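These numbers come from a predicted model, not from an experiment.
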Amino acid sequence: MRNIITIIISSILMGFAYNFLLIPHKILSSGLSGIAMMLGIITPFNTGILNFLLNLPLLIIGYRKLGKRFITYTILSVVVISVSLLVIPIRAISNEPILASLFGGVIIGIGVGLIFRASGSSGGFDIIAMLLTKKRDLPLGTIISMMNGIVVLISGFIFSWDAALLTLVSIYASGKTIDLIHTNNIKLTLMIITSKGDDMKDKLLTKLHRGITIINGEGAYTGENRQVLITVITRYQLSEVKHIVQEVDQHAFVNITETKEVIGMFSRG
């Protein structure tokens, strides 16, 4: 429920940033949302409807590659953003395009970052970026920014190069904010001490593409046998690991430390 509430609030926040800061100045956002905004400006169709239609193909791909829960949260975000764009009036709250571009990008980055931390995405290029970060250890926001170069070029040809530069500022601010909040490139070392080592191992190996080392231990006070599971994950996977640990063994002891560097095989298989 916390994830659902986070996604809904973050998506509505993004809708306000679009209609109050970016669209009035013909500044585009990143990804398919930016393309939907451009089409909404130059055609009579509403941006919210266009945003939903453009995201449909990627939602289908994401359903096959990224899992049901992730894509369910993503569908929720896309629907809420599309409805917000449809309902919220387009009204400029700033007369300075540069301020609108900067703060609009930061607000959208906050929204996208929080949605990622809730195990979802806002759709569009985010789905492609998530697929890439599962294969390569790269900052998520940087990947999204790189893929948005075409949006900047389209903005320059359709509107003006001033609008294109402001779009670039917005996309850059969004990417940096996403990296600060999402921190997918930060590694964490987990030491899980549990009496249900086999069940915990099977569950983690099923959900995570990470190797696990198991050490047999003994409780100093109780004298009972324990298994110590050691693994390294990304910051993005922490919420899912916490859910798995609570599901398998509510009495497990977990020590989480930030890892400065990983040498060797990080991804399993």
Side-chain angles (χ1 to χ4, degrees), residues 10-58 77-78 80-113 115 121-129 132 139-182:
S10 300
S11 299
I12 294 174
L13 184 67
M14 292 172 64
F16 274 102
Y18 289 144
N19 283 4
F20 281 5
L21 291 168
L22 301 186
I23 292 179
H25 296 284
K26 296 183 179 180
I27 301 171
L28 304 184
S29 180
S30 59
L32 291 183
S33 297
I35 297 175
M37 291 164 64
M38 178 191 66
L39 295 176
I41 293 172
I42 64 178
T43 69
F45 298 103
N46 184 271
T47 303
I49 297 174
L50 292 168
N51 182 68
F52 181 77
L53 293 176
L54 289 174
N55 274 284
L56 274 180
L58 286 179
S77 176
V78 170
V80 174
I81 291 173
S82 299
V83 172
S84 299
L85 290 170
L86 187 64
V87 173
I88 298 172
I90 298 176
R91 184 177 303 160
I93 62 173
S94 173
N95 294 323
E96 291 292 335
I98 184 65
L99 292 178
S101 174
L102 181 60
F103 282 96
V106 169
I107 292 173
I108 291 170
I110 291 172
V112 173
I115 291 171
S121 85
S122 59
F125 289 172
D126 298 345
I127 296 177
I128 300 175
L132 291 175
L140 188 66
T142 302
I143 295 175
I144 295 175
S145 296
M146 291 172 61
M147 291 191 300
N148 283 311
I150 188 171
V151 178
V152 177
L153 292 176
I154 292 174
S155 175
F157 285 110
I158 297 297
F159 301 121
S160 68
W161 290 109
D162 285 341
L165 293 175
L166 291 171
T167 296
L168 185 60
V169 171
S170 173
I171 292 174
Y172 180 81
S174 295
K176 288 300 180 182
T177 307
I178 290 170
D179 281 344
L180 288 174
I181 295 176
H182 182 258

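- For Asn46, the side-chain contact (heavy atoms from CB on, under 4.5 Å) test picks out Ile49, Leu86, with sequence neighbours left out.
- Taking the side-chain contact (heavy atoms from CB on, under 4.5 Å) definition, one finds that Val106 meets it with Ile110, Ala173, Thr177, sequence neighbours left out.
- A search for ring-ring contact (aromatic ring centres under 6.0 Å, His included) contacts involving Phe103 returns nothing, not counting sequence neighbours.
- Scored by the side-chain hydrogen bond (donor to acceptor under 3.5 Å, both in side chains) test, Ser82 finds Asn51 as partners (sequence neighbours excluded).
- In this structure, OG in Ser170 is found 12.5 Å from CG in Leu165, a value given to the nearest 0.5 Å.
- How far CE of Met37 is from CD1 of Ile90: 9.0 Å, rounded to the nearest 0.5 Å.
- Residues Gly40 and Thr47 approach most closely at CA-OG1, 3.7 Å, considering heavy atoms.
- With sequence neighbours left out, Ser77 forms a side-chain contact (heavy atoms from CB on, under 4.5 Å) with Ile7, Ser11, Ile81, Ile115, Ser122.
- In this structure, Thr167 contributes its side chain and Leu28 its backbone to a donor-acceptor pair below 3.5 Å.
- By the side-chain contact (heavy atoms from CB on, under 4.5 Å) test, Leu50 pairs with Ala36, Leu39, Thr43, Phe45, sequence neighbours left out.
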Quiz: residues 14-27 side-chain donor-acceptor pairs under 3.5 angstrom, not counting sequence neighbours:
{"residue": "Asn19", "atom": "ND2", "partner": "Leu85", "partner atom": "O", "Å": "3.3"}
{"residue": "Asn19", "atom": "ND2", "partner": "Ile88", "partner atom": "O", "Å": "2.7"}
{"residue": "His25", "atom": "NE2", "partner": "Ser94", "partner atom": "O", "Å": "2.7"}

